[in-house]
Number of protein chains: 2
Amino acid sequence: MKLVITDNLTAIQKATYLFFNNLTQPADYCQIMEHLDKIGLKVNKTTVYRNLNTLLVENKITELDFGEGKKRYELRQNHHHHLVCNQCKKIECFEIIQDLHQQEAEIAKNTEFKITSHVLEFFGTCKVCQA
Amino acid sequence: MKLVITDNLTAIQKATYLFFNNLTQPADYCQIMEHLDKIGLKVNKTTVYRNLNTLLVENKITELDFGEGKKRYELRQNHHHHLVCNQCKKIECFEIIQDLHQQEAEIAKNTEFKITSHVLEFFGTCKVCQA
DNA sequence: GTGGTTGCAAAAGGTTTGCATCTGT
DNA sequence: ACAGATGCAAACCTTTTGCAACCAC
């Protein structure tokens, strides 16, 4: 779900929106700052975090945690999971695992736990790094 | 796999080992410090982290990340997953999801990604908090 | 005395907060 | 003038590091 860039946005916000629209894998706040820097916008990290927070509460982006001690962000989109390469750190997406929702329902039934979300991430070595 | 408490351990280490042996859900470094405090051992956080690190490299405990901005630790044991209650923060364990490994193999085949590990955690509301 | 353990202070990152300033309408 | 956006400094929290002190054998 690409972000719509409207006229009432500031230059920083437009650049941030564009950044997300062109993003190929989840980015952390540093990558956002570096990108803004690169296109000539010197932006404070506070501003970056505030804009991220706005996008989060508007439900336009998602916060991800791969256990790196920091958060990553990507456009909210169809539910999917990630393949994280331990070597080059590349992150690929892939679509839903069939049955996972069914199994979720089963777990919920067995444990009387009402499941509202899950995190499923795979770690390993990507094709390139295997070579 | 309970930790074996041997004579060559220090008092702090013995208490930490016992803490892990009695642990019912993953703990963060604060909970470890609080426990040591409670039994009269004033311990520095550096020491806690260092002992955690030793246990990690010895492969006796596992590091978990539920996206809280900090790590949690538990005894290494049979592969399992967690049900995390968003309200009371209680963490339950449950056993392997059948098929997940099979699906993992399938994903690996389709993506040419060599999967070495995965993270699967469920979030929701536990039975008690639903009441 | 040597190695391993601990404490302390500091630093490194990521993230948040308070407050003042700026900008556009 | 007002609301919203930004910058800046400081703080907070988790985690790590360097160094000195300590303890046990």
Side-chain angles (χ1 to χ4, degrees), chain A residues 3-20 25-58 60-74 84 89 91, chain B residues 3-20 25-58 60-74 84 89 91:
Chain A
L3 297 174
V4 182
I5 294 165
T6 52
D7 281 345
N8 61 334
L9 297 175
T10 66
I12 294 174
Q13 290 167 344
K14 281 181 188 172
T16 306
Y17 277 39
L18 273 173
F19 176 77
F20 272 113
Q25 51 181 274
D28 58 28
Y29 92 100
C30 272
Q31 292 173 299
I32 298 170
M33 288 195 65
E34 281 163 15
H35 172 257
L36 294 177
D37 246 34
K38 203 180 301 173
I39 63 174
L41 290 171
K42 276 190 310 243
V43 178
N44 193 278
K45 62 185 171 186
T46 309
T47 303
V48 173
Y49 275 113
R50 272 192 288 235
N51 285 334
L52 284 173
N53 204 53
T54 304
L55 288 168
L56 279 171
V57 301
E58 290 173 345
K60 290 174 178 165
I61 62 172
T62 314
E63 199 178 61
L64 302 168
D65 193 319
F66 296 110
E68 304 167 294
K70 65 183 173 190
K71 303 286 171 57
R72 290 182 175 274
Y73 307 87
E74 67 175 8
V84 184
K89 303 300 172 193
I91 300 167
Chain B
L3 298 174
V4 182
I5 295 166
T6 51
D7 281 344
N8 61 334
L9 297 175
T10 66
I12 293 175
Q13 290 167 344
K14 281 181 188 171
T16 305
Y17 278 39
L18 272 173
F19 176 78
F20 271 113
Q25 51 181 276
D28 57 28
Y29 90 99
C30 274
Q31 293 173 297
I32 299 170
M33 288 194 65
E34 281 163 14
H35 172 257
L36 295 177
D37 247 33
K38 204 180 300 171
I39 62 172
L41 290 170
K42 277 190 310 237
V43 178
N44 194 277
K45 63 185 170 185
T46 309
T47 303
V48 172
Y49 276 113
R50 271 192 289 234
N51 285 334
L52 284 173
N53 204 54
T54 304
L55 289 167
L56 279 171
V57 301
E58 290 173 344
K60 289 176 179 165
I61 62 171
T62 314
E63 199 178 61
L64 301 168
D65 192 320
F66 296 110
E68 304 166 292
K70 66 182 172 190
K71 302 286 170 57
R72 289 182 175 275
Y73 307 87
E74 68 176 8
V84 184
K89 303 300 172 192
I91 300 166

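In what follows, every chain begins at residue 1, and chains take the letters A, B, ... in the order their sequences are listed.
To the nearest 0.5 Å, atoms NE2 (B:H35) and CG (B:L41) are separated by 9.0 Å. A distance of 10.0 Å separates CD1 of A:I5 from OG1 of A:T16, quoted to the nearest 0.5 Å. Atom NZ of A:K60 is separated from atom CG of A:L3 by 6.5 Å, given to the nearest 0.5 angstrom. Within the model, atoms CD1 of A:I61 and OH of A:Y17 stand 9.5 Å from one another, a figure rounded to the nearest 0.5 Å. Atom CD1 of B:I12 is separated from atom CG of B:L36 by 7.0 Å, given to the nearest 0.5 angstrom.
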Contact pattern, 5' to 3', of nucleotides 11-25 of chain C - B, S or - by protein heavy atom under 4.0 Å: ---SBBBB-------
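If you take NZ of B:K14 and P of D:dA24, they are 12 Å apart, rounded to a whole angstrom. Counting to the nearest Å, the C1' atom of D:dT6 and the CE atom of A:M33 are 12 Å from each other. Put simply, CG on A:D37 is 15 Å from C1' on D:dT6, counting in whole angstrom units. At whole-Å resolution of the value, CG in B:L52 and P in C:dT6 are 12 Å apart. B:Q13 places its CD atom 16 Å from the P atom of D:dC23, with the value rounded to the nearest Å. For the pair B:L36 CG and C:dT6 C1', the computed distance is 13 Å after rounding to whole Å. We find that CG of B:N8 is positioned 15 Å from C1' of D:dC23, with the value rounded to whole Å. The CG atom of A:N51 sits 8 Å away from the P atom of D:dA5 (whole-angstrom rounding).
Proximity of B:T47 to the phosphate of C:dG7: a side-chain N or O atom is located under 4.0 Å from OP1 or OP2. Taking side-chain N and O atoms only, B:T10 has no distance below 4.0 Å to OP1 or OP2 of C:dG4. In this model, the phosphate group of C:dT5 is not approached by any side-chain N or O of B:N44 to a distance below 4.0 Å at OP1 or OP2.
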Hey, mind stepping through A:L52 and A:F20 against side chain to side chain contact (heavy atoms under 4.5 Å, CB included) and telling me if it holds? CA-CA 11 Å; A:L52 284 173; A:F20 272 113; 3.7 Å; yes
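In this model, a donor atom of one side chain and an acceptor atom of the other lie less than 3.5 Å apart for A:R72 and A:Q31.
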